[in-house]
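Order of listing sets the numbers, starting from 1, for every ligand and every atom in it.
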Amino acid sequence: MPEPLPARLVVLVSGSGTNLQALLDACTDPSYGASVVAVGADRDDIEGLARADAAGVPTFVKRVKDFTTREHWDRAMAETVANFDPDLLVLAGFMKLVGEEFHSRFEGRIVNTHPALSPSFPGMHGPAEALEHGVKISGCTLFVVDDGVDTGPIVAQRAVPVEDDDTTATLHDRIKVVEREMLVDAVGRMAREGFAITGRKVRFGQ
Ligand SMILES: Nc1nc2c(c(=O)[nH]1)N[C@@H](CN(C=O)c1ccc(C(=O)N[C@@H](CCC(=O)O)C(=O)O)cc1)CN2
Ligand SMILES: NCC(=O)N[C@@H]1O[C@H](COP(=O)([O-])[O-])[C@@H](O)[C@H]1O
């Protein structure tokens with residue numbers, strides 16, 4: 001029986017790319033069951049693109065300001081992603097909301113990692129808002145992306161304690177250590193076992 005082909009991952013980033021790096025590292029093991037076939041970004045000159053280059057992974061950049069409308073950007077980004085024929089699109093620190101072109105092409109096959117325990121603290125400033133609110137437990141969430149903002153069905157979560165002397169940076173750094181483990185574990189299971197979405201429930205396996 002031939003080994004199944006690795007699941008094709010396209011990863012979108014906007015910054016340092018440490019979550020991307022964790023996936024790139026995991027994919028070097030054939031038993032992980034996935035391969036990063038392309039990395040895309042909404043901006044140039046970020047470490048995430050350099051990480052992809054170092055791993056020999058094709059990259060592409062689509063900046064919103066280079067398009068006449070947001071919809072044109074969304075279409076160009078989605079078409080470029082589609083050219084790599086992904087089984088799963090992973091948003092790993094990607095700081096743009098994807099629109100209708102993505103949902104129509106990849107519905108149910110886009111996951112996003114967020115540095116808070118959804119549904120709390122959606123958006124771009126999860127750790128800061130959690131700290132401001134005074135939570136004692138924060139964490140990270142992997143969810144299937146829908147047309148809302150961090151509202152999609154949850155794939156996995158991990159909890160992280162908040163320390164009394166935490167700053168936004170120290171809390172986010174602590175979350176990111178656990179987030180990378182969550183992302184690698186969950187994406188690997190999705191790739192090897194498949195997954196099913198029933199309403200708001202996501203379960204691994206066929
Ligand atoms: N359709 C969706 N797209 C994305 C989601 C999502 O839940 N639905 N999650 C984001 C990641 N993210 C939080 O986890 C997030 C990122 C960015 C924003 C946001 O408000 N972006 C604005 C401003 C961007 C900028 O200043 O550069 C925007 O897109 O215009 C909210 C949540 C990934 N995509
Ligand atoms: N709402 C989106 C958001 O806040 N995403 C967060 O950006 C960081 C990117 O780190 P990385 O570039 O080192 O992987 C991650 O913690 C990710 O959850």
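- Residue-level proximity to ligand 1 for Val145 is carried by the side chain, the only part with a heavy atom below 4.0 angstrom.
- The proximity of Asp146 to ligand 1, defined as any non-hydrogen pair under 4.0 Å, is limited to the backbone.
- Under 4.0 angstrom from ligand 1, the non-hydrogen atoms of Val98 come from both its backbone and its side chain.
- For atom 3 (C) of ligand 2, the closest non-hydrogen atom on the protein side is Met95 CE, 3.3 Å.
- With a 4.0 Å heavy-atom cut-off, ligand 1 is reached by the backbone of Leu97 and by its side chain too.
- When only modelled atom types and interatomic distance are considered, Asp25 and Gln21 share a side-chain donor-acceptor pair under 3.5 Å.
- For atom 25 (C) of ligand 1, the nearest non-hydrogen atom from the set His103, Met95, His125 comes from Met95.
- Distances shorter than 4.0 angstrom occur between a heavy atom of Gly123 and an atom of ligand 2.
- For the pair His125 and ligand 2, no heavy-atom separation below 4.0 Å is found.
- For atom 11 (P) of ligand 2, the nearest non-hydrogen atom from the set Gly15, Ser16, Gly126 belongs to Ser16.
- Residue Gly126 places no heavy atom under 4.0 Å from ligand 1.
- Residue contacts with ligand 2 leave out Val13, since none of its heavy atoms falls under 4.0 Å from the ligand.
- Residue contact annotation: Gly17 has a non-hydrogen atom under 4.0 Å from ligand 2.
- For Asp150 and Ser118, the side-chain atoms include no donor-acceptor pair closer than 3.5 Å.
- Defined by atom type and a distance below 3.5 Å, a donor-acceptor pair is missing between the side-chain atoms of Thr198 and Arg203.
- In this structure, Thr113 and Leu142 approach most closely via the heavy-atom pair N-CD1, 3.9 Å.
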